[in-house]
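All values below were derived from every heavy atom in this structure, side-chain atoms included, with hydrogens, water molecules and symmetry-related copies excluded. Chain letters run A, B, ... following the sequence lines, proteins first and then strands; every chain starts at 1.
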Amino acid sequence: MNFDHMIYSVLSQIPFGHTVSYGALARSAGFPNHSRHVGRLLKNLPKDTQLPWHRVVNSQGKISLPQGSDGYTEQRQRLQSEGIPIINDKINKPYFLG
DNA sequence: GTGCTGACAAACG
DNA sequence: CCGTTTGCCAGCA
């Protein structure tokens with residue numbers, strides 16, 4: 001089991017309508033200090049991935065992409081389509097796994 | 001091998 | 001609230 005596989009595994013188990021932070025996701029996969037690498041994985045995900053990458057936000061409850069970028073808009077839309085309220089660019093919902 | 005980068009995070013001031 | 005500093009570590013040149 002490598003890091004990537006574990007992260008994918010945990011990510012795929014995030015329930016609909018929930019969010020996780022990068023750090024929480026890494027910890028849950030058994031890698032306490034790899035929050036940054038989660039971001040790297042998400043960045044490398046193919047456009048057509050089935051994984052709920054949009055459920056991953058930073059510890060501030062915000063989308064960790066430059067505002068106005070395609071990714072930002074994409075993620076924000078997906079989150080709202082799951083019923084996750086976003087106030088002032090912040091996720092107004094408790095994290096799953098932390 | 002070295003040095004820099006980064007979809008992070010916590011601790012400060 | 002904001003900006004800075006520090007710790008972290010897999011990729012990449």
For side chain to side chain contact (heavy atoms under 4.5 Å, CB included), just list the numbers for Tyr22(A) and Leu42(A), CA-CA rounded to whole Å, side-chain angles, deciding distance to a tenth of an Å, and then say yes or no.
CA-CA 10 Å; Tyr22(A) 293 81; Leu42(A) 299 189; 3.9 Å; yes

Provide, to the nearest angstrom, the distance between the CG atom belonging to Leu65(A) and the P atom belonging to dG6(B).
14 Å

Where is the tightest heavy-atom contact between Ser28(A) and Val10(A), given as atom of each residue plus distance?
CB-CG1, 4.0 Å

Donor-acceptor contact present, side-chain Thr49(A) to main-chain Pro46(A), <3.5 Å:
no

Gln60(A) CD - dG3(C) P separation (whole Å)
11 Å

If you assign each of Lys90(A) and His37(A) to its closest nucleotide in DNA chain C, which residue comes earlier from the 5' end?
Lys90(A)

Does His34(A) get its side chain close enough to the base of dC9(C), under 3.5 Å, for a donor-acceptor pair?
no

N/O (side chain, Arg40(A)) to phosphate O (OP1/OP2, dG11(C)) under 4.0 Å
yes

Expressed in angstrom and rounded to an integer, what is the separation of Leu42(A) atom CG from dG6(B) atom P?
16 Å

Between C1' of dA7(B) and OH of Tyr8(A), the distance in whole Å:
13 Å

To the nearest angstrom, how far is Met6(A) atom CE from dA10(C) atom C1'?
17 Å

Quick one: which protein N/O atoms are closer than 3.5 Å to N/O atoms of nucleotides 4-7 of chain C? Pair and distance per line, please.
{"residue": "dG7(C)", "atom": "O6", "partner": "Arg36(A)", "partner atom": "NH1", "Å": "3.2"}

Rounded to the Å, how far apart are Asp89(A) CG and dC2(C) P?
11 Å

Checking dA7(B), dA9(B), dC9(C) against the side chain of Ser59(A) (C-beta onward), the nearest is dA9(B)

Between Arg78(A) and His54(A), the two heavy atoms sitting closest are CD-ND1, 3.5 Å

Please report the distance, rounded to the nearest Å, between CG in Leu41(A) and P in dG6(B).
17 Å

Rounding to a whole Å, what distance do you find between Ile63(A):CD1 and dA7(B):C1'?
11 Å

Can you confirm whether Asp70(A) is buried at CG, in the sense that more than 12 heavy atoms of other residues, nucleotides or ligands lie under 6.0 Å from that atom?
no

Where the side chain of Asn33(A) is defined as all heavy atoms beyond and including C-beta, which of dA9(B), dG6(B), dC9(C) is the nearest nucleotide?
dC9(C)

Solution key, residues 1-8 of chain A side-chain donor-acceptor pairs under 3.5 Å, sequence neighbours excluded:
{"residue": "Asn2(A)", "atom": "OD1", "partner": "Asp4(A)", "partner atom": "N", "Å": "3.4"}
{"residue": "Asn2(A)", "atom": "OD1", "partner": "His5(A)", "partner atom": "N", "Å": "2.8"}

All pairs passing salt bridge (Lys or Arg N to Asp or Glu O under 4.0 Å) where residues 44-56 of chain A contributes a residue, at least two apart
Arg55(A)-Glu82(A)

